[in-house]
There are 2 protein chains.
Amino acid sequence: MFSKACEYGIKATIFIAIKSYEGVRVSPKEIAKEIDSPEAFTAKILQALVRHDVISSLKGAYGGFEIAKDRIPLVKLADIVNAIDGDAIYNGCGLGLHKCSETHPCPVHDKFKAIREGLKDMLERTSLEELALDIKSGASFLKV
Amino acid sequence: MFSKACEYGIKATIFIAIKSYEGVRVSPKEIAKEIDSPEAFTAKILQALVRHDVISSLKGAYGGFEIAKDRIPLVKLADIVNAIDGDAIYNGCGLGLHKCSETHPCPVHDKFKAIREGLKDMLERTSLEELALDIKSGASFLKV
DNA sequence: TTTAATTCGGATATTTTTATCCTTTTTATT
DNA sequence: AATAAAAAGGATAAAAATATCCGAATTAAA
Ligand code: FES
Ligand code: FES
């Protein structure tokens with residue numbers, strides 16, 4: 001469903017949010033350990049998230065990745081997915097036709113569209129805040 | 001969402017069904033042309049579909065791929081997807097945890113599960129018959 | 001029985017995704 | 001100003017997905 005890059009990106013962002021609540025920045029090394037991902041690859045994904053303004057970074061000594069506390073409730077899963085996988089998940093045809101279209105639909109268009117809209121809704125409704133709170137409360141987990 | 005292989009597999013099976021209604025077998029070349037896919041790669045996918053008993057084939061002169069008419073209403077989209085992509089789409093964790101689990105859920109488990117069940121339902125409910133009839137009636141298209 | 005047509009299966013090539021490494025740039029501290 | 005710590009970015013490597021090629025096996029017809 002999501003690419004590996006996207007999976008790592010979501011988990012990394014959640015971890016960064018949790019640490020940002022505590023006011024501390026985190027390194028790719030710390031993130032990779034916490035979410036059980038390859039460090040260098042994770043660092044690349046963090047760069048993309050910074051470029052897309054999902055998270056922010058500070059270079060140099062005492063630097064690291066963070067996210068402003070007041071942005072945590074505003075960031076949606078869709079923002080993370082979009083930054084990494086783009087919007088193919090929303091606009092693409094389920095059977096790979098050049099373009100998903102009502103007037104020239106593929107055989108699964110109607111049924112696929114319903115699923116896709118559900119997914120889109122879910123991604124746009126789910127905030128980073130709720131995901132982070134569930135991890136903090138022990139209701140969900142980032143690895144294993 | 002689906003792999004390229006799976007997309008080709010679905011479209012190929014629909015085309016084979018249509019031709020099987022007319023009682024004629026089709027070759028990978030004809031299929032690839034009709035669904036706009038790479039011929040040799042499509043042939044490999046057809047082999048997988050034969051192995052999984054989704055379609056059947058006859059070697060040699062006047063051979064080709066076909067599907068028994070009375071099987072067309074019984075074959076579901078899920079059978080095709082399963083033959084090619086396996087069941088990761090049903091059992092896998094949306095964030096790549098080793099196993100999707102109620103007792104050790106990832107941050108998106110609840111929300112992802114709902115989408116996934118919807119997809120599973122759709123795949124298990126949608127028959128090859130209805131897909132093929134929509135193509136025949138011109139309500140949907142296999143390429144462009 | 002020969003021939004031509006056709007799927008099957010293995011080997012190989014290309015492209016994309018995933019992953020690693022190393023140098024440069026930036027920054028806070030000393 | 002010098003130093004050390006850290007992200008940024010480019011180059012490269014490995015793995016997986018996609019795609020191609022070709023000989024072997026099978027089949028129906030002539
Ligand atoms: S045309 Fe294929 S999903 Fe809309
Ligand atoms: S644990 Fe991740 S989807 Fe169920």
Side-chain angles (χ1 to χ4, degrees), chain A residues 1-13 15-16 19-20 24-33 35-67 81 83-86 88-89 92 95-96, chain B residues 1-13 16 19-20 23-33 35-67 81 83-86 88-89 92 95-96:
Chain A
M1 183 86 84
F2 301 124
S3 67
K4 276 285 164 202
C6 201
E7 290 177 7
Y8 298 151
I10 293 169
K11 290 190 277 192
T13 306
F15 179 63
I16 293 168
K19 287 306 215 175
S20 292
V24 323
R25 300 193 187 99
V26 284
S27 65
K29 181 194 284 271
E30 200 178 349
I31 294 167
K33 188 175 178 186
I35 71 176
D36 196 22
S37 67
E39 183 183 327
F41 188 47
T42 304
K44 281 275 183 273
I45 295 159
L46 293 170
Q47 286 180 30
L49 289 170
V50 169
R51 272 197 303 275
H52 285 83
D53 292 308
V54 174
I55 58 178
S56 57
S57 67
L58 194 65
K59 280 184 176 181
Y62 294 77
F65 295 89
E66 68 188 329
I67 177 167
V81 173
I84 301 169
D85 281 355
I89 206 168
L95 292 189
Chain B
M1 184 84 86
F2 302 124
S3 66
K4 277 286 164 202
C6 201
E7 291 178 7
Y8 298 151
I10 293 169
K11 290 190 277 193
T13 306
I16 293 167
K19 287 306 215 176
S20 291
V24 324
R25 301 194 187 99
V26 284
S27 66
K29 182 193 284 270
E30 200 178 348
I31 294 168
K33 188 176 179 187
I35 71 175
D36 196 24
S37 68
E39 182 182 329
F41 188 47
T42 304
K44 280 277 185 273
I45 295 159
L46 293 170
Q47 284 180 32
L49 289 170
V50 170
R51 272 198 304 276
H52 285 84
D53 292 307
V54 173
I55 58 179
S56 58
S57 67
L58 193 66
K59 281 184 178 181
Y62 293 77
F65 295 90
E66 67 188 328
I67 175 167
V81 173
I84 301 170
D85 281 355
I89 205 168
L95 293 189

Boundaries of the chain A footprint along DNA chain C (any atom under 4.0 Å from a heavy atom)
C:dT18 to C:dT29
Quick check against the 3.5 Å criterion: does B:R25 have a side-chain atom that pairs as donor or acceptor with the backbone of B:Y62?
yes
Hits for side chain to side chain donor-acceptor pair (under 3.5 Å) against B:D53, two or more places apart or cross-chain, chain-then-number order -> none
Select from B:S27 and A:K4 the residue whose nearest nucleotide in DNA chain C is closer to the 5' end of that strand.
B:S27
Report the residues that fulfil side chain to side chain contact (heavy atoms under 4.5 Å, CB included) with A:A83, sequence neighbours left out, ordered by chain and then residue number.
A:L49, A:H52, A:V54
Pick the closest DNA chain C nucleotide for A:S3 and for A:A61 by heavy atoms, then say which residue is nearer the 5' end.
A:S3
Got a sec, which residues hit side chain to side chain donor-acceptor pair (under 3.5 Å) with B:E30, two or more places apart in sequence or on another chain?
none
Results of side chain to side chain donor-acceptor pair (under 3.5 Å) for A:S56 - residues two or more places apart only
none
Could I get the full list of ring-ring contact (aromatic ring centres under 6.0 Å, His included) partners for A:F41, not counting sequence neighbours?
A:Y8
Outermost nucleotides of DNA chain D that come under 4.0 Å of a non-hydrogen atom of chain B:
D:dT18 to D:dA29
Can you sort out the partners of B:K4 under salt bridge (charged side-chain N to carboxylate O under 4.0 Å, His left out), two or more places apart, ordered by chain and number?
B:E7
Which residues satisfy the ring-ring contact (aromatic ring centres under 6.0 Å, His included) test with A:F65, sequence neighbours excluded?
none
Heavy-atom contacts under 4.0 Å between residues 43-55 of chain A and DNA chain C, which residues?
A:K44
With nearest nucleotide decided by heavy atoms, which residue, A:V26 or B:L58, maps closer to the 5′ end of DNA chain D?
A:V26
Could you note down all residue pairs passing side-chain hydrogen bond (donor to acceptor under 3.5 Å, both in side chains) where residues 35-47 of chain B supplies at least one of them, sequence neighbours left out?
B:S37-B:T42
The criterion is ring-ring contact (aromatic ring centres under 6.0 Å, His included); which residues satisfy it with B:F2, sequence neighbours excluded?
none
